[in-house]
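Notes for the one structure printed next.
Here, residue 1 is the first one in the sequence, and each next residue gets the next number.
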Amino acid sequence: MSDTEAALDELLDLLDLQPNDNDPDTFRGKGSGFDEFGLYGGHVLAQAVVAAQRTVDDDRPMNSVHAVFLRGGDGMADVDYKVQRVRDGRAFCTRRSQAFQSDRLIFELTATFHVPETGKVDIQGPLPDGVAPPESLPTYQECIAEVGPIFGEQWSYMIRPVEYRLAYAPWAPTGPSPRGGIDYWFRAPRRLPDDPAIHEAIIAYMSDDCLADNVIVPYGVTWLDPSAQVVSLDHAMWFHEPARADEWIYCEQRPLMAGGNRGTAEARFWQNGRLVATAVQEALARL
């Protein structure tokens, strides 16, 4: 088993929330085991997604997430999730998923689920021009080996649970993208079950990997710069079409605006030439 496959097993274990025998809408998830920057936002986002999914019938895939990061989390502690069944309609249902540590609310999201439908409308924007195939690009580990620990020791050198190829980044040979952002390919290192919920959760986990970083890319600073404070504030995501996390996904990111010590960045996720998901995040960005 490769190191990346072992990391994937660890992620799948984190996403396997433990139910509460006394309350079918309450679950417990493991912490990350890392304490360098607190609890990674994608960690709590993905676990909260799984908690919401557990209360919805399998015939309703998730179509949107709207989340707020309320307090910094502790990576060394477990996280408790409480789901509220807001609405069950014929085509859509809505869930609110809240995350607690030591009885303190640290995060909450609202997720909607939609029975698949077909229609006449089908609009797709174009995939960015000149996207290099993933096999031709350096891995995340190769880039970090060249530039050093720009995110701190733990986060920089930890093995990612996906194959990760950098198309554009300040820490890649190409530098930032023409749109001023960080673009990368990712996929799980082995075949996953066909359950759409697993793929949605992993894509949600990856959606926060470096989205906030895009608002500081134009200033040439990283998380280790003593003048920089970057914290995710909220996160919205839409799942447009079914996608597999074990097949290559191209994540195209860019900063949208920054001002007043806040910045907003967008990520678009492409698979087989189709736009399968979009995420937008606002972050505190003090430089």
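Q98 CD to L109 CG: the interatomic distance, rounded to the nearest 0.5 Å, is 9.5 Å. Atoms CG and CG, on L14 and D9 in that order, are 11.0 Å from each other to the nearest 0.5 Å. Between atom OH of residue Y81 and atom CD of residue Q18 there is a gap of 13.0 Å, rounded to the nearest 0.5 Å. Between the CZ atom in F27 and the OG1 atom in T55 there is a gap of 6.5 Å [rounded to 0.5 Å]. Note that the CZ atom of R71 and the CG atom of L39 stand 14.5 Å from one another [nearest 0.5 Å]. Taking CG from L70 and CG from L105, the interatomic distance works out to 5.0 Å, rounded to the nearest 0.5 Å.
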Could you go through Q141 and I159, starting from their C-alpha distance and side-chain angles, then the distance that decides it, and tell me whether this counts as side-chain contact (heavy atoms from CB on, under 4.5 Å)? CA-CA 8 Å; Q141 290 88 347; I159 303 299; 4.2 Å; yes
Before giving the answer on side-chain contact (heavy atoms from CB on, under 4.5 Å), spell out for V280 and T264 the whole-Å C-alpha distance, their side-chain angles and the decisive distance to 0.1 Å. CA-CA 7 Å; V280 177; T264 304; 3.6 Å; yes
Worked verdict on V44 versus F69 for side-chain contact (heavy atoms from CB on, under 4.5 Å): CA-CA 9 Å; V44 67; F69 299 91; 4.2 Å; yes
Go through R262 and D234 one step at a time and tell me if the salt bridge (Lys or Arg N to Asp or Glu O under 4.0 Å) criterion holds. CA-CA 11 Å; R262 290 180 291 118; D234 54 35; over 6 Å; no
Report the C-alpha distance between T94 and F92 in whole Å, list the side-chain angles of each, state the deciding distance to 0.1 Å, and finish with yes or no for side-chain contact (heavy atoms from CB on, under 4.5 Å). CA-CA 7 Å; T94 304; F92 290 89; 5.6 Å; no
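Side-chain contact between I202 and L15 is present, with heavy atoms from C-beta onward closer than 4.5 Å. Here the side chains of S32 and Y40 are not in contact, with every heavy-atom distance at 4.5 Å or above. Side-chain contact between S177 and E252: absent, with no pair of heavy atoms (C-beta onward) separated by less than 4.5 Å. For the pair T4 and Y164, the minimum side-chain heavy-atom distance is 4.5 Å or more. Side-chain contact check for P61 versus P242: every heavy-atom pair is 4.5 Å or farther apart. Counting heavy atoms from C-beta outward, L12 and L192 have side chains that approach closer than 4.5 Å. Between H43 and F107, every side-chain heavy-atom pair lies at or beyond the 4.5 Å cut-off. The shortest side-chain heavy-atom distance between H240 and V276 does not fall under the 4.5 Å cut-off.
Salt bridge annotation for R274-D122: present, with a cationic side-chain nitrogen under 4.0 angstrom from a carboxylate oxygen. Using a cut-off of 4.0 Å between Lys/Arg side-chain N and Asp/Glu carboxylate O, D246 and R187 are scored as not salt-bridged. Using a cut-off of 4.0 Å between Lys/Arg side-chain N and Asp/Glu carboxylate O, R54 and D16 are scored as salt-bridged. Under 4.0 Å is where a charged nitrogen must lie from a carboxylate oxygen, and between R244 and D194 at least one such pair does. One finds no salt bridge joining R95 and D25 here, because no Lys/Arg side-chain nitrogen approaches an Asp/Glu carboxylate oxygen to under 4.0 Å.
No side-chain donor from either of Y184 and D209 sits under 3.5 Å from a side-chain acceptor of the other.
When each of H235, Q253, E266 is checked for a side-chain hydrogen bond (donor to acceptor under 3.5 Å, both in side chains) with Q281, only H235 meets the rule.
No more than 12 heavy-atom neighbours from other residues, nucleotides or ligands sit within 6.0 angstrom of CG on D58. Within 6.0 Å of NZ in K82 there are more than 12 heavy atoms belonging to other residues, nucleotides or ligands. Surrounding CD of E146 are at most 12 heavy atoms belonging to other residues, nucleotides or ligands under 6.0 Å away.
At least one donor-acceptor pair under 3.5 Å links the side chain of H199 to the backbone N or O of A245. Looking at Q47, its side chain does come within 3.5 Å of a backbone N or O of K30 through a donor-acceptor pair. Listed for the S97 side chain is no donor-acceptor partner under 3.5 Å among the backbone atoms of V49. Of the possible donor and acceptor atoms, none in the side chain of S102 sits under 3.5 Å from a partner among the backbone N and O of R104. Judged purely by atom type and a 3.5 angstrom limit, R254 has no side-chain atom pairing as donor or acceptor with the backbone of N214. The main-chain N or O of A132 is found under 3.5 Å from a side-chain atom of W185 such that the two form a donor-acceptor pair. Distance alone, capped at 3.5 Å, places no donor-acceptor pair between the E108 side chain and the R96 backbone. A distance-only check finds a donor-acceptor pair linking the side chain of Q271 to the backbone of E247 [under 3.5 Å]. Formation of a donor-acceptor pair under 3.5 Å by the Q124 side chain with backbone atoms of L275 is found in this model. Under a 3.5 Å cut-off, the side chain of R165 and the backbone N or O of L137 do form a donor-acceptor pair.
Here the shortest heavy-atom pairing between Q101 and A77 reads NE2-O, 3.2 Å. Taking all atoms of both residues into account, the shortest heavy-atom contact from A201 to Q53 is N-NE2, 4.4 Å.
Proximity of the aromatic rings of F239 and F269 is defined here by a centroid distance below 6.0 angstrom, and this criterion is not met.
In terms of hydrophobic clustering, with Ile, Leu, Val, Met, Phe, Trp and Tyr side chains grouped at heavy-atom distances under 4.5 Å, V162 and W270 are assigned to different clusters.
Figure legend: cation-pi geometry between R160 and Y140, with NZ or CZ positioned under 6.0 Å from the six-membered ring centre and within 45° of its axis.
Ring planes of H66 and W238: perpendicular class, angle over 60° (limits at 30 and 60°).
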